[in-house]
2 protein chains.
Amino acid sequence: MAPAVSTDPDGVDVTGRRLPLSRELIISAAVLFVDDNGLPALTMRGLGKELGVEAMSLYRYVNGREDLLECIVESMVSELHLNPDTVEPLNGWQAYLQWLAHGVRRIAQEHPAVFPLIATRHPAAPWLRPPLRSLKVVEDFLSELISRGFTDESAIAAYRAFSSFLLGHLLLEAAARTAESDIVVDSLGHAEVTAGGAESSVNAFPQVLRLGTRLSEDHSDNEFEAALENMLDRLDRTLAH
Amino acid sequence: MAPAVSTDPDGVDVTGRRLPLSRELIISAAVLFVDDNGLPALTMRGLGKELGVEAMSLYRYVNGREDLLECIVESMVSELHLNPDTVEPLNGWQAYLQWLAHGVRRIAQEHPAVFPLIATRHPAAPWLRPPLRSLKVVEDFLSELISRGFTDESAIAAYRAFSSFLLGHLLLEAAARTAESDIVVDSLGHAEVTAGGAESSVNAFPQVLRLGTRLSEDHSDNEFEAALENMLDRLDRTLAH
DNA sequence: ACCTGAACACCGTTCAAGT
DNA sequence: ACCTGAACACCGTTCAAGT
């Protein structure tokens, strides 16, 4: 969600002048900031400094920190509709759900540090289930399925199953992706871990010790595709019945 | 996770004397506090006040706020092993996974406000996938499945699929459960929602409007059982092949 | 119109000092 | 041994004041 004018993270354009503050500029700077520094580092004062401005200036464009976080979520989810290379297909509900699933997955992969925000902020309504936090997305989901043979009930059940599926898979995938960057890997393979404040060595857990390396391997592409396929099959069966 | 002596949230026993501070007392008070007031309200100073003590006293038993959060997670997950009425069954891996799934679900249901912590804190290692954040649980999981015919690879695949499944379903269920308590329901059914800072009325979204009430219904029991069943069947198929 | 300085109420955390 | 007062560096947020 880059603003109209090309910028660097400082909110300064190529000529060195500071860009005029705006809601969009603030939001895109915030996304960049979280991508680089992680969610806990996002602070009104810090974001202000990144934009070359005092924290209080942001309040002219954004109703406080909570509103800023909500804006970030909205800006990410709305990428689903803007992107030209991901035109929604017209050949069946399975293709539609494939398209939607991969669209959300791409967002999670491009902004793994932001995804927990999309996944765990309190939804505005009980029927806005993360990570599908957009009225338009939910509306499209339901009308797409209903127009293709789903009953009201089965469309709703599909919506619930689909969102649970995406949330579980993508949240874990995003967590693994951000962990790589901020956990120092013990290159000697000395597997020892500090869990829950108490020092507990993996040595007492033979299977974990034996399978450690293989447990850390990344097969998320294949696993996502297989689980998605399985889920679509399951929806298909409930349709036939 | 009640401490040995019966207490009320103030950390004061029945006689009015203050209980001696301890790691366990602090942790169980913290869990109670989050259950009642939500995660964002949990503050060192606030928890101190709840215990009738200054915030600084807590640092004698807990290495700061991050450590406290980690302790909370550990104390919740360890309930899986302590509880007498949920003895691990011996008749097959499917029964074991059913037992484990319902054990984790019970934790999520009893402490919906704490569950996001279990679900989204950075795991200590890439192979500790939330919500199964315990070396012992992972060890049991793997050895149970391997001793019952799973190959190393299929046990690992099952672990990944199982944790994704639990995370997605239980996080959404817990979110719905806490939302009920802190969202004021419009008793007139005037469905209007403020999403992303911009006022957007559901009226522009006919399917959502039409299905609104049914979208809000809770079918989590049935949905959890059905999805779990489906997942176990899927694992069974990968075993046979 | 847009930004800022100063102020307020709150954090987490440390450490010397009290009992 | 266990708790606290005072202090520090940070938060989010408001508002009158500057340009």
Side-chain angles (χ1 to χ4, degrees), chain A residues 3-5 7 10-13 15-31 33-34 36-73 113 117 121-122 197, chain B residues 3-5 7 10-13 16-31 33-34 36-73 113 117 121-122 194 197:
Chain A
V5 186
T7 73
D10 294 303
V12 178
D13 69 13
T15 72
R17 281 169 302 141
R18 215 182 56 212
L19 288 178
L21 234 42
S22 72
R23 195 163 232 268
E24 295 72 37
L25 179 65
I26 291 174
I27 293 170
S28 62
V31 171
F33 191 89
V34 173
D36 292 346
N37 310 102
L39 209 44
L42 178 64
T43 192
M44 297 300 278
R45 293 176 133 105
L47 182 58
K49 182 171 286 176
E50 193 80 6
L51 286 163
V53 104
E54 300 297 317
M56 314 86 183
S57 310
L58 304 177
Y59 286 81
R60 220 155 249 282
Y61 305 92
V62 147
N63 292 322
R65 186 171 196 267
E66 286 301 298
D67 183 41
L68 175 59
L69 296 181
E70 217 57 60
C71 291
I72 292 176
V73 170
L117 207 59
R121 279 186 66 77
H122 257 26
Chain B
V5 186
T7 73
D10 294 304
V12 179
D13 69 14
R17 280 170 303 141
R18 214 180 57 212
L19 288 178
L21 236 42
S22 72
R23 196 163 231 269
E24 296 72 36
L25 180 64
I26 291 173
I27 294 169
S28 62
V31 171
F33 191 88
V34 174
D36 291 346
N37 310 310
L39 209 43
L42 178 64
T43 194
M44 297 299 278
R45 292 175 132 107
L47 182 58
K49 182 171 287 176
E50 192 80 6
L51 286 162
V53 104
E54 299 298 317
M56 315 85 185
S57 311
L58 304 177
Y59 286 82
R60 222 157 245 283
Y61 306 91
V62 148
N63 292 322
R65 186 171 196 267
E66 286 301 299
D67 183 41
L68 176 59
L69 297 181
E70 217 59 59
C71 291
I72 293 177
V73 170
L117 208 59
R121 278 185 67 76
H122 256 25
T194 329

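Quick note on labels: first sequence line is chain A, next is B, and so on, each numbered from 1.
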Indicate yes or no: at least one non-hydrogen side-chain atom of [X] is less than 4.5 angstrom from one of [Y].
{"X": "B/I72", "Y": "B/L42", "answer": "yes"}
{"X": "A/L47", "Y": "A/L68", "answer": "yes"}
{"X": "B/L51", "Y": "B/L58", "answer": "yes"}

For atom [atom1] of [X] and atom [atom2] of [N], their distance in whole Å:
{"X": "B/L51", "N": "D/dC3", "atom1": "CG", "atom2": "P", "value": "10 Å"}
{"X": "A/L47", "N": "D/dT13", "atom1": "CG", "atom2": "C1'", "value": "15 Å"}
{"X": "A/R45", "N": "D/dT14", "atom1": "CZ", "atom2": "C1'", "value": "12 Å"}
{"X": "A/K49", "N": "D/dA9", "atom1": "NZ", "atom2": "P", "value": "14 Å"}
{"X": "A/M56", "N": "D/dT14", "atom1": "CE", "atom2": "C1'", "value": "10 Å"}
{"X": "B/E66", "N": "C/dC11", "atom1": "CD", "atom2": "C1'", "value": "14 Å"}
{"X": "B/L25", "N": "D/dC2", "atom1": "CG", "atom2": "P", "value": "14 Å"}
{"X": "A/Y59", "N": "C/dA6", "atom1": "OH", "atom2": "C1'", "value": "15 Å"}

Check your understanding: How would you label the contact of A/R60 with the nucleic acid (heavy atoms, under 4.0 Å): base, sugar-phosphate, or nothing?
Key ->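 It contacts base atoms.
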Review point. Checking all strands, does B/M44 fall into the base, sugar-phosphate, or nothing category for heavy-atom contacts under 4.0 angstrom?
Key: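 Sugar-phosphate, backbone atoms only, no base.
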Review point. At their closest point, which heavy atom of A/L69 faces which heavy atom of A/R121, and how far apart are they?
Key: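 Answer, listing the atom of A/L69 first, then A/R121: CD1-NH1, 3.4 Å.
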Exercise for review: Identify the two heavy atoms, one from A/L39 and one from A/R65, that lie closest to each other, and give their separation to 0.1 Å.
Suggested key: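 It is O-NH2, 4.2 Å.
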Exercise for review: Examine D/dG12: is either OP1 or OP2 under 4.0 Å from a nitrogen or oxygen in the side chain of A/T43? Give yes or no.
Suggested key: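 The answer is yes; a side-chain N or O of A/T43 sits under 4.0 Å from OP1 or OP2.
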**Study point:** Identified pairing partner of D/dA1, criterion: Watson-Crick or G-U wobble below 3.5 Å
**Key:**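 Pair assignment: D/dA1 / C/dT19.
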Review point. With both distances under 3.5 Å as the test, what is the Watson-Crick or G-U wobble partner of C/dT13?
Key: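 Paired with D/dA7.
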Exercise for review: Measure from the side chain of B/S57, starting at C-beta and using heavy atoms only, and say which of C/dC2, D/dC2, D/dT4 lies closest.
Suggested key: D/dT4
Check your understanding: What nucleotide among C/dT4, C/dC3, D/dT13 has an atom nearest to a side-chain atom of A/Y61?
Key -> C/dC3
